[in-house]
Amino acid sequence: MSILDQFKLTGKVAVVTGAGQGIGKRVALAYLEAGAKVVLAARGVDNDNLARTAAEFEAQFPGCSMAFACDVTSQSSVDALVDATVERFGRLDIGVANAGIVTLKGLEKMDLEEFERIQKVNVSGVFLTAQACARKMIDQGEGGSIIVTASMSGSVINTPQKIGHYCTSKAAARQLAKAMAVEFAEYNIRVNSISPGYIMTELVEPLTDFHALWEPQIPMRRLGNPEELMGLYLYMASDASSYMTGSDVIIDGGFTSV
Ligand code: NDP
């Protein structure tokens, strides 16, 4: 197979959580462009991003995607997502546990309820999503690829904003991905994580006061665009990375190198 053919996702089916906007939306688009069928998941409760994104993709790639309202903190909701994927597209090959949240509150002010709310989405949500995908892949008996969106915040503590709760959750998400890589290897299910630096998504765009504070901390002196992560999301999903599992790859413009 030619090297470019190894990156094709033709015949593969992917689930992407947090796909209404931001990084997840771009991952879903990249996978559609590479030939996969894609199920887009988000809660879709506070806004209509999920429906809008699904309509956009339907116009571009008719019959190749589907939106599914799913809260990654609920086991039954995640199980329903995987079942709906297989019902609609017949199988599941790629799972991207991407949904994640953050809040700007220091640890001294944060109460237990809020701390646990973050861990529930960023850690338990990854666990439930990856586990449900892996169970289906094990049933199918043909392996698969699971990708966790972690963060450079799993390796460093960001400043000046106080997001220690988030750093904690992303370090756990990275380790969880490694643990699953080891446990699922016997089923030929690969699990890797991607740790982005500051990326200009709908989440980060409004934090304009911070942009000027972050830029001097980044050797490349700018935030990244979601599109600049997509080569790696495609690589990890595709057969081009068939020997890669348990890896965490940081894409951060050099932030964690200094
Ligand atoms: P966004 O806030 O733009 O998108 C997050 C998505 O997750 C939304 O579609 C949201 O939709 C969904 N979501 C939130 N909670 C849940 C839930 N409980 N169940 C299902 N879906 C949920 O974030 P980004 O695209 O910026 O971030 C995506 C991932 O990348 C996150 O894990 C984030 O931590 C990580 N990351 C981001 C960086 C950045 O600089 N942007 C840097 C490093 C990592 P809805 O509200 O409708 O559910």
Side-chain angles (χ1 to χ4, degrees), residues 15-30 39-54 56 67-82 95-104 116-130 132 147-156 158 161 163 165-174 176-177 193-207 210-211 214-215 217-218 222-230 232-233 248-253 255-256:
V15 162
V16 183
T17 68
Q21 61 177 37
I23 293 171
K25 176 180 176 182
R26 274 44 165 234
V27 174
L29 177 60
V39 177
L40 316 162
R43 291 165 307 165
V45 282
D46 299 330
N47 51 55
D48 61 356
N49 281 344
L50 181 62
R52 209 175 21 243
T53 298
E56 226 178 87
F68 193 88
C70 166
D71 184 337
V72 296
T73 65
S74 154
Q75 180 142 36
S76 57
S77 186
V78 173
D79 287 346
L81 166 67
V82 169
V96 183
N98 169 76
I101 57 173
V102 65
T103 182
L104 295 174
E116 288 182 342
R117 184 176 67 88
I118 307 285
Q119 311 309 314
K120 206 169 171 191
V121 176
N122 294 2
V123 185
S124 306
V126 167
F127 165 65
L128 290 174
T129 305
I147 299 160
V148 171
T149 303
S151 170
M152 69 171 176
S153 307
S155 307
V156 295
N158 307 79
Q161 71 277 24
I163 53 167
H165 59 280
Y166 178 80
C167 300
T168 304
S169 73
K170 291 299 184 177
R174 260 182 31 176
L176 183 55
S193 58
I194 296 178
S195 286
Y198 293 118
I199 304 297
M200 193 67 93
T201 64
E202 291 84 340
L203 178 75
V204 166
E205 216 172 334
L207 308 176
F210 282 113
H211 298 170
W214 292 338
E215 279 158 7
Q217 300 177 349
I218 306 168
R222 65 173 178 86
L223 280 70
N225 296 311
E227 288 73 15
E228 295 181 283
L229 307 174
M230 292 312 126
L232 183 58
Y233 277 95
D248 176 69
V249 181
I250 298 176
I251 301 189
D252 65 355
F255 185 98
T256 55

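Whatever order the structure lists ligands and atoms in, that order sets their numbers, starting from 1.
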Please report the interatomic distance CG(L104) to CD(Q161), rounded to the nearest 0.5 Å.
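That separation rounds to 7.0 Å.
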Problem - Contacts of type side chain to side chain donor-acceptor pair (under 3.5 Å), residue S151, not counting sequence neighbours - result: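 Per chain and number, S151 pairs via side chain to side chain donor-acceptor pair (under 3.5 Å) with S153.
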Please determine whether any non-hydrogen atom of [X] lies less than 4.0 Å from an atom of ligand 1.
| X | result |
| --- | --- |
| L50 | no |
| K120 | no |
| T17 | no |
| S195 | no |
| N49 | no |
| A150 | yes |

Evaluate the criterion side-chain hydrogen bond (donor to acceptor under 3.5 Å, both in side chains) for residue pair D252 and T256; output intermediate values, then yes/no. CA-CA 7 Å; D252 65 355; T256 55; 2.6 Å; yes
| request: Report the C-alpha separation of Y233 and T149 in whole Å, then their side-chain angles, then the decisive distance to 0.1 Å, and conclude whether the side-chain contact (heavy atoms from CB on, under 4.5 Å) test is met. | output: CA-CA 9 Å; Y233 277 95; T149 303; 2.7 Å; yes
Looking at G22, G20, G154, G18, the heavy atom closest to atom 7 (O) of ligand 1 belongs to G18
Closest heavy-atom approach to atom 48 (O) of ligand 1 among K25, R43, E202 is made by R43
Check: I101 main-chain N/O paired with N122 side-chain donor or acceptor under 3.5 Å
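Yes, the answer is positive, given that a donor and an acceptor are paired below the 3.5 Å cut-off.
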Quiz item: Under 3.5 Å, is there a donor-acceptor pair between the side chain of H211 and the main chain of V204?
Solution: yes
Checklist entry - Would you call R26 and E228 a salt bridge, using N to O less than 4.0 angstrom? => result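 No.
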Give a yes or no on whether a salt bridge exists between E202 and K25, defined as a side-chain N under 4.0 angstrom from a carboxylate O.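 Salt bridge flag = no for K25 with E202.
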> Taking distance alone, with no angle check, do Y198 and ligand 1 share an N/O pair under 3.5 Å?
Replying inline: no
- request: Return a yes/no value for K170: is any of its N or O atoms, backbone included, closer than 3.5 angstrom to an N or O of ligand 1?
  value: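 In this structure, K170 places an N or O atom under 3.5 Å from an N or O of ligand 1.
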In ligand 1, which numbered atoms sit nearer than 4.0 Å to a non-hydrogen atom of [X]?
| X | value |
| --- | --- |
| I23 | 25 (O), 30 (O), 37 (C) |
| T149 | 29 (C), 30 (O), 35 (C) |
| C70 | 19 (N), 20 (C) |
| G44 | 45 (P), 47 (O), 48 (O) |
| I199 | 39 (C), 40 (O), 41 (N) |
| Y166 | 33 (C), 34 (O), 35 (C), 36 (N), 43 (C), 44 (C) |
| G100 | 31 (C), 32 (O) |
| V204 | 39 (C), 40 (O), 41 (N) |

Quiz item: Can you check whether V27 reaches M230 side chain to side chain, under 4.5 Å on heavy atoms?
Solution: yes
Stepwise, does the side-chain contact (heavy atoms from CB on, under 4.5 Å) test hold for V72 with V121?
CA-CA 7 Å; V72 296; V121 176; 4.2 Å; yes
Review point. What part of T201, side chain from CB on, backbone N/CA/C/O, both or neither, has a heavy atom under 4.0 Å from ligand 1?
Key: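 The answer is the side chain.
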Under 4.0 Å, heavy atoms only, figure out whether ligand 1 is touched by the backbone of V72, its side chain, both or neither.
->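 Within the 4.0 Å criterion, V72 contacts ligand 1 through backbone and side-chain atoms alike.
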task: Check the pair S195, D248 against side-chain hydrogen bond (donor to acceptor under 3.5 Å, both in side chains), reporting the backbone distance first and the verdict last.
output: CA-CA 7 Å; S195 286; D248 176 69; 2.8 Å; yes
Judged by modelled atom types alone, do Y198 and N158 share a side-chain donor-acceptor pair under 3.5 Å?
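Checked: Y198/N158 side chains pair up, N/O donor to acceptor below 3.5 Å.
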